[in-house]
Amino acid sequence: MPRTLDGQITMEKTPSYFVTREAPARISAMSKDTKLIVVVRDPVTRAISDYTQTLSKRPDIPTFESLTFKNRTAGLIDTSWSAIQIGIYAKHLEHWLRHFPIGQMLFVSGERLISDPAGELGRDFLGLKRIITDKHFYFNKTKGFPCLKKAEGSGKPHCLGKTKGRPHPEIDRDVVRRLRDFYRPFNLKFYQMTGQDFGWDG
Ligand SMILES: Nc1ncnc2c1ncn2[C@@H]1O[C@H](COP(=O)(O)OS(=O)(=O)O)[C@@H](OP(=O)(O)O)[C@H]1O
């Protein structure tokens with residue numbers, strides 16, 4: 001990590017930090033004052049998104065439905081499958097809270113990042129001047145997501161690339177329902193821990 005000078009904020013992002021056991025202790029040993037931003041979305045959609053990403057690289061993998069269960073008849077979910085495991089946010093957060101106070105963490109709603117990007121980005125956490133507002137975004141109907149009206153440098157409209165916002169495969173409704181039931185208690189715990197209701201459970 002480069003040295004941060006006065007008036008600078010050094011940032012680093014990797015989605016897997018949140019679920020890596022060693023990460024909280026290591027980051028805390030580097031700097032106890034580090035502020036942490038976690039973007040979370042409905043864990044069921046997250047699992048399907050994760051699967052879609054793997055499928056795009058390895059089209060021969062088994063179906064989402066078969067990977068979800070250890071034993072489908074018994075309804076036993078395979079929590080060792082990373083696509084499922086990562087969405088148990090309350091468990092991961094417990095590890096972080098052994099090293100950081102909750103006030104040093106910001107939980108960003110992945111859903112609101114799409115429905116109201118400027119509002120979600122504008123939440124006060126890093127003490128930055130609010131520069132990005134609604135005026136900087138437009139909704140791109142083809143992409144189905146908000147995009148920037150003018151990208152930095154080029155001044156042209158800019159959407160995220162093809163690997164962001166891929167169409168998801170249709171998943172068996174019963175499997176989705178069982179996953180919702182599986183995640184509900186962990187989601188409720190996560191809402192309690194963060195003091196935020198992310199609205200994933202109706
Ligand atoms: N503006 C905009 N445009 C496109 N996509 C958007 C946008 N805002 C949020 N998203 C959502 O970001 C999801 C991909 O982000 P990831 O966290 O999976 O990316 S990463 O590869 O882990 O860095 C991606 O997930 P999928 O829809 O499953 O592809 C999107 O839902």
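The figures that follow rest on heavy atoms only: side chains count, while hydrogens, waters and symmetry mates do not. Both ligands and their constituent atoms are indexed starting at 1 by order of listing.
Here the shortest heavy-atom distance to atom 28 (O) of ligand 1, taken over Ser49, Ser56, Gly165, belongs to Ser49.
Ranking protein heavy atoms by distance to atom 18 (O) of ligand 1, first place goes to Gln53 OE1, 4.2 Å. Ranking the protein heavy atoms by distance from atom 7 (C) of ligand 1 puts Phe145 CD2, 3.6 Å first. Nearest protein heavy-atom contact of atom 15 (O) of ligand 1 is Lys164 CD, 3.8 Å.
Not one N or O on the side chain of Lys164 forms a donor-acceptor pair closer than 3.5 Å with the backbone of Cys159. Within the 3.5 Å criterion, the main-chain N or O of Thr34 finds a donor-acceptor partner in the side chain of Gln104.
For the residue pair Thr10/Glu12, the side-chain donor-acceptor check at 3.5 Å is not satisfied. At a cut-off of 3.5 Å, with distance as the only test, no side-chain donor of Ser31 or Asp33 sits close to an acceptor on the other residue. Judged by distance alone, the side chains of Thr52 and Ser49 never bring a donor and an acceptor atom under 3.5 Å apart.
With a 6.0 Å cutoff to the six-membered ring centre and a 45° limit on the axis angle, Lys35 counts as a cation-pi contact of Phe125.
Interface atoms of ligand 1 facing Ile114, defined by a heavy-atom separation under 4.0 Å, are 8 (N), 9 (C), 31 (O). Taking a cut-off of under 4.0 Å to the non-hydrogen atoms of His168, the atoms of ligand 1 that pass are 26 (P), 27 (O), 28 (O). For ligand 1 and Lys13, the ligand atoms under 4.0 Å from any heavy atom of the residue are 23 (O).
Residue-ligand proximity: Arg46 is placed with every non-hydrogen atom at 4.0 Å or more from ligand 1.
For Asp6, the CG atom sits in a loose shell: 12 or fewer heavy atoms of surrounding residues, nucleotides or ligands are nearer than 6.0 Å. Other residues, nucleotides and ligands contribute more than 12 heavy atoms inside 6.0 Å of the NZ atom of Lys143.
Between Pro146 and ligand 1, a contact under 3.5 Å exists for at least one N or O pair. Any N or O atom pair closer than 3.5 Å counts here, and Arg41 shares at least one such pair with ligand 1.
By the definition of a contact as any protein heavy atom under 4.0 Å away, atom 31 (O) of ligand 1 is in contact.
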